[in-house]
2 protein chains.
Amino acid sequence: MAESPTNEQAELLAQEKAVQAAIGDRPLDFLSLNAVSNIYRAAAAVRRRTERDLLSDYGITWGGFTILWVLWVWGEMEAAPLAAECNLAKGTLTGMLTTLEKQELVRRAQHPGDKRRVLVGLTDAGHDCIEELYPKFNRQETAFTDGLDDAEKVELARMLRRVITNAEAE
Amino acid sequence: MAESPTNEQAELLAQEKAVQAAIGDRPLDFLSLNAVSNIYRAAAAVRRRTERDLLSDYGITWGGFTILWVLWVWGEMEAAPLAAECNLAKGTLTGMLTTLEKQELVRRAQHPGDKRRVLVGLTDAGHDCIEELYPKFNRQETAFTDGLDDAEKVELARMLRRVITNAEAE
DNA sequence: GGGTGATCGTTCGGTACCGAACGTTCTGGT
DNA sequence: ACCAGAACGTTCGGTACCGAACGATCACCC
C-alpha cells in the first residue's frame with residue numbers, strides 16, 4: 001500500500017518545521033526524536049491490529065497472549081521470572097493470571113517446599129489454544145515486516161535491542 | 001549495559017531453540033519474530049523509563065505528555081485530529097483531556113459555528129510545562145538511541161514507519 | 001531455635017486505553 | 001422546510017498496567 005515516499009517525506013518535513021517553530025532556536029535531535037517516537041507508534045499499531053484481527057476471536061488480550069506464549073516455550077515457571085519474561089510488573093501479572101485462570105488456559109500450583117512461591121503452567125486447553133494461535137500470530141509478524149528484507153529485519157531487531165538496553169540501564 | 005554480544009547471542013539462540021522445540025517441526029519466521037517482539041519491548045521500556053525519570057516529577061503521564069506536545073507543535077485543534085495525531089481512540093482522549101483540564105494544562109473551547117466540535121488548546125501553564133519539559137524529553141530520546149549513529153537512526157525510523165504502514169493497512 | 005531481614009505473591013488505588021453505544025448537531029436531497 | 005443520515009464528542013463497561021504497601025513465608029545468625 002502506497003509507495004509514497006514523497007508524501008511521507010513532505011509530511012515529515014512539515015512536522016519538523018512545526019516543531020522547530022514551536023521550540024524556537026534551541027537545538028533539537030530530530031533523528032532520535034523520529035526514531036523513538038516511531039517505536040511507540042509501531043508498537044501500538046502492531047498491538048491494536050493483532051488484538052483486533054486475531055486475538056479477539058480467542059477472547060484473549062495481547063498481554064494474555066504473551067503469558068501463554070512464554071509458558072508454552074519455557075514450560076511451568078514461577079511468577080517472578082514469568083513477569084520478567086513478559087515484561088510486566090508482578091502486580092500486573094497477578095491480575096492477568098487470574099483472568100487466564102478463569103478462562104482455564106492457565107493454572108497455578110504451589111511450589112513444593114516453599115509456600116511463598118507459585119508455579120504457573122498451561123492447562124491442556126491453554127496448550128491447544130497457543131498451539132493453534134501461534135502460527136497465525138507469526139504470520140502476522142511476517143506481514144508486519146513486509147517490505148523489509150532479511151538483513152533489515154536483523155538490523156531492526158539489533159537496533160531495538162540497543163534501545164532496550166539503553167532504556168533499561170541503571 | 002555492558003557490551004556482551006556473546007551473551008545476548010547465546011540467550012537469543014537458547015530462546016529460539018526453546019521456541020522451535022515447543023513448536024515442533026513447523027516452520028517459523030524468526031527474523032520477523034525478533035524484530036516485532038523487540039518493538040513492543042522497546043516501546044514499553046522507553047515509556048516506563050521516561051515516566052519514571054522525567055514525567056512523574058511533573059505529574060503527567062506518557063499519554064498526557066503526547067497531547068501537550070502535539071498541541072504545542074500544532075496549536076489549538078479539534079478533538080478528532082488531535083486523537084489521531086496522538087494515536088489514541090477518541091474516547092480515550094476525552095478522559096485524558098479531562099485529566100489535563102483538571103491540572104489546568106489544557107482548555108476546551110467551543111467551535112464557532114459548529115456546536116458539535118471542540119477546540120482544544122494549551123493554557124499558559126500547559127505551554128510553560130511542555131516548554132520546560134520537552135528539551136529534557138528530547139535528551140532522553142537521544143540517550144535511548146545512544147550507540148546508534150545518525151544513519152542508523154534514520155534507518156530505524158524508516159523501518160518502523162514501514163511496520164506502522166503495514167500494521168495500519170486496510 | 002527464635003527473632004530480624006529478605007523474598008515472594010497479592011492487594012490496592014489510580015490512570016490509561018479500547019470499542020461500542022449514545023445523544024447532539026450539522027448537512028444534503030427533495 | 002424537512003428529514004434521513006453523517007459527523008462529532010462523550011459515556012460506558014471492561015481490561016491492562018503501574019508502583020507502593022502489605023502479609024506470609026523463608027533464611028540467616030547468634
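On a predicted model such as this, the values are computed, not experimentally measured, just so you know. Only this structure's heavy atoms are used, side chains among them; waters, hydrogens and symmetry mates stay out. Protein chains get the first letters and strands the later ones, always in sequence-line order, with residue 1 at the start of each.
- At least one side-chain heavy atom of A/Thr50 sits less than 4.5 Å from a side-chain heavy atom of A/Leu55.
- Under the 4.0 Å criterion applied to side-chain N and carboxylate O atoms, B/Arg158 and A/Glu152 are assigned as salt-bridge partners.
- Side chain of A/Arg108 to backbone of A/Glu101: no donor-acceptor contact under 3.5 angstrom is found.
- Residue A/Leu82 contributes atom CG, which lies 15 Å from atom C1' of C/dT10 at whole-angstrom precision.
- The closest side-chain heavy-atom distance from A/Met77 to A/Val70 is below 4.5 Å.
- Contact annotation: the side chain of B/Leu160 approaches that of A/Leu156 to within less than 4.5 Å [non-hydrogen atoms, C-beta and beyond].
- Axis orientation changes by 10° from one end of the helix from C/dG1-D/dC30 to C/dT30-D/dA1 to the other, with each end axis drawn from 5 pairs and the value rounded to 10°.
- Proximity of B/Arg26 to A/Glu131: side-chain heavy atoms (C-beta onward) are separated by under 4.5 Å at one or more points.
- The aromatic rings of A/Tyr134 and A/Phe65 sit parallel to each other, their planes meeting at less than 30°, with 60° as the upper class boundary.
- Distance alone, capped at 3.5 Å, is enough to place a donor-acceptor pair between the B/Gln20 side chain and the B/Gly24 backbone.
- Residue pairs meeting the salt bridge (Lys or Arg N to Asp or Glu O under 4.0 Å) criterion with at least one member in residues 110-121 of chain A, sequence neighbours excluded, are A/Glu78-A/Arg117, A/Asp114-A/Arg116, A/Asp114-A/Arg117.
- Heavy-atom nearest nucleotides on DNA chain C were determined for B/Gly95 and for A/Pro81, and the one closer to the 5' end corresponds to A/Pro81.
- For A/Tyr58, the ring pair (Phe, Tyr, Trp, His ring centres under 6.0 Å) criterion is met by no residue, not counting sequence neighbours.
- Annotation: proximity of residues 99-111 of chain B to DNA chain D (heavy atom, distance under 4.0 Å) is found for B/Arg108, numbered in ascending order.
- Side chains of A/Leu82 and A/Leu88 form no contact here, defined as non-hydrogen atoms less than 4.5 Å apart.
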At a cut-off of 3.5 Å, list every protein nitrogen or oxygen paired with a nitrogen or oxygen from nucleotides 17-19 of chain C, distance to 0.1 Å.
residue, atom, partner, partner atom, Å
C/dC17, OP1, B/Arg47, NH1, 2.6
C/dC17, OP1, B/Arg47, NH2, 3.2
C/dC18, OP1, A/Arg48, NH1, 2.7
C/dC18, OP2, B/Ala89, N, 2.7
C/dC18, OP2, B/Thr92, OG1, 2.9

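- Put simply, CG on B/Leu97 is 14 Å from C1' on C/dT15, counting in whole angstrom units.
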Protein N or O to nucleotides 24-29 of chain C N or O, pairs below 3.5 Å:
residue, atom, partner, partner atom, Å
C/dC26, OP1, B/Lys115, N, 2.6

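- A heavy-atom distance below 4.5 Å is found between the side chains of A/Asn138 and B/Leu33.
- Using a 4.5 Å cut-off on side-chain heavy atoms (C-beta onward), A/Tyr40 and B/Trp62 make contact.
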